[in-house]
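Okay, so here's the structure we're looking at.
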Amino acid sequence: MATTASFSGSVGNTPLIELTRLSRALRRTILGKAEFLNPGGSVKDRAAASIVDDAERRGTLVPGGTIVEGTAGNTGIALALAANERGYRCIIVIPDDQAPEKIDLLRTFGADVRVVPAVAFTNPENYYHVARGIAEQTPGAIWADQFENLANRRAHEESTGPEIWEQCGGRLDAFIAAAGTGGTLAGVASALKARDKRVLTVLCDPMGSALYSHVTNGTLEVEGDSVIEGIGIKRITQNFAGASIDRALRVEDREAVEMAHWLLRHEGLFLGGSAALNVVGAARLALTLPAGARVATILCDGGQRYQSRLYDEAWLRENDLELSGGALEFL
Ligand code: PMP
């Protein structure tokens, strides 16, 4: 067996998992790209490694430098590991409404964590603007800027998308995913369309996000709200802009929570909320396609990060998200 190097060498080449119980129930094949198996535990490892590589190549990040980022958690976790591997400092700005597990991990990994109030993007105190300000004021620092930095999308165009295509032997009818920065969806969609224009590319959007209305009718309308972390956005980022997306569908938190617990009980897969929401989207999309259709999605991160929330009965009750019977009727 060949060996690989440290954090950077362990990112990517994740399995493509057939969700066999779900596929049997739907008579369509649902495939999940196991991004929770990356060394930092999420799909954001790819974007972080790509952003750091790009900054080193450009010469903006040099020994003794600092990586600064505003993040819902996973990008920060990945950047903290990349920084440790390559000898940089890492400052992470995170809103205070994210799961405590992610904030704890950032601290354990040695990042300088700045928790800020969760406020709207238009407020200068929003984590995004605070991170930019810190980077500007810190000598030798780069701002990773995952939302606008196209090294994010490129990671998925050059690795995630081609891996999916190869792993399904070129037999794929559709790809569907939710978007945070949009890097994963736009990058994978671009890679798949380049290989076969007939692959249907679809956004599944949580409530509280404007992307569904953007894809459907070109507006930025927001309806409702969501507790699922890492996805949904109210503006069009450079990483999402111009993405090759054929259509969009909406998924409610309740459905994502039901699916998270169903996948744990019936597939033996312990996943985060965005992964579960993606699987709901994949299942619903598959049911609109002929029997035997093959639909791929992203299993973004694992459930450990949300044990005190999505997998905690009291938390679910407080958020009006109690589980129903545990079967697939919610689809
Ligand atoms: N799921 C989770 C848990 C995430 O942290 C992210 C990243 N924000 C995503 C999905 C979405 O990925 P992307 O930023 O590539 O759209």
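These figures come from a predicted structure and were not determined experimentally. Atoms within each ligand, like the ligands themselves, are counted from 1 in listed order.
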Query raised in the report: Counting heavy atoms only, which part of Tyr306 comes closer than 4.0 Å to ligand 1: side chain, backbone, both or neither?
Result: side chain
Query raised in the report: Between Ile231 and ligand 1, which part of the residue brings a heavy atom under 4.0 Å of the ligand: side chain, backbone, both or neither?
Result: side chain
Report task. For residues Leu277 and Cys204, report the shortest heavy-atom separation together with the two atoms involved. Result -> CD2-SG, 4.0 Å
Query raised in the report: Counting each atom of ligand 1 from 1 as listed, which ones have a heavy atom of Cys300 under 4.0 Å away?
Result: 1 (N), 10 (C)
Report task. Around atom 6 (C) of ligand 1, find the nearest protein heavy atom and jot down its residue, atom name and distance. Result -> Gly230 O, 3.3 Å
Query raised in the report: Who's the nearest protein heavy-atom neighbour of atom 2 (C) of ligand 1, and how far?
Result: Ser274 OG, 3.4 Å
Query raised in the report: In the protein, which heavy atom is nearest to atom 16 (O) of ligand 1, and how far is it?
Result: Gly180 N, 2.7 Å
Query raised in the report: Which residue owns the protein heavy atom closest to atom 5 (O) of ligand 1, what's the atom, and how far is it?
Result: Asn74 ND2, 3.0 Å
Query raised in the report: Can you find a heavy atom in the side chain of Leu331 that is under 4.5 Å from one in the side chain of Met259?
Result: yes
Query raised in the report: Restricting to pairs with a member in residues 54-83, which pass ring-ring contact (aromatic ring centres under 6.0 Å, His included), not counting sequence neighbours?
Result: none
Report summary line: Residue pairs meeting ring-ring contact (aromatic ring centres under 6.0 Å, His included), one or both in residues 133-154, sequence neighbours left out, come to Tyr128-Trp143, Tyr128-Phe147
Requested in this report: Mark up the atoms of ligand 1 that fall under 4.0 Å of a heavy atom belonging to Thr184, in ascending order.
Outcome: 12 (O), 13 (P), 15 (O)
Query raised in the report: Hey, does the side chain of Ser213 reach the backbone of Glu221 with a donor-acceptor pair shorter than 3.5 angstrom?
Result: yes
Query raised in the report: Which protein non-hydrogen atom lies closest to atom 7 (C) of ligand 1, naming both residue and atom, and how far is it?
Result: Lys44 CD, 3.2 Å
Query - Proximity of Glu229 to ligand 1 by residue part, where a heavy atom lies under 4.0 Å - result: backbone
Requested in this report: Please determine if Arg235 forms a cation-pi arrangement with Phe121, meaning its NZ or CZ atom is less than 6.0 Å from the six-membered ring centre and no more than 45° off the ring axis.
Outcome: yes
Query raised in the report: Gly182 near ligand 1, heavy-atom distance under 4.0 Å?
Result: yes
Requested in this report: Could you tell me whether ligand 1 has any atom less than 4.0 Å away from a heavy atom of Ala179?
Outcome: yes
Requested in this report: Report the part of Thr181 in contact with ligand 1, treating N, CA, C, O as backbone and CB onward as side chain, heavy atoms under 4.0 Å; options are side chain, backbone, both, neither.
Outcome: both
Query raised in the report: So which of Thr201, Leu203, Leu285 actually passes side-chain contact (heavy atoms from CB on, under 4.5 Å) with Arg247?
Result: Leu285
Requested in this report: Just jot down the ligand 1 atoms closer than 4.0 angstrom to any heavy atom of Asp301, in number order.
Outcome: 3 (C)
Report task. Measure across Arg28 and Leu287 and return the closest heavy-atom pair with its distance rounded to 0.1 Å. Result -> NE-CA, 4.0 Å
Requested in this report: Heavy atoms only: give me the nearest Ile164-Lys33 pair and the separation to one decimal.
Outcome: CG1-CD, 3.7 Å
Query raised in the report: Judged by atom type as modelled, is there a donor-acceptor pair below 3.5 Å linking the side chain of Asp112 to the main-chain atoms of Ile91?
Result: no
**Report entry** Per-atom contacts of ligand 1 with Gly183, taking only distances under 4.0 Å to non-hydrogen atoms
**Finding:** 15 (O), 16 (O)
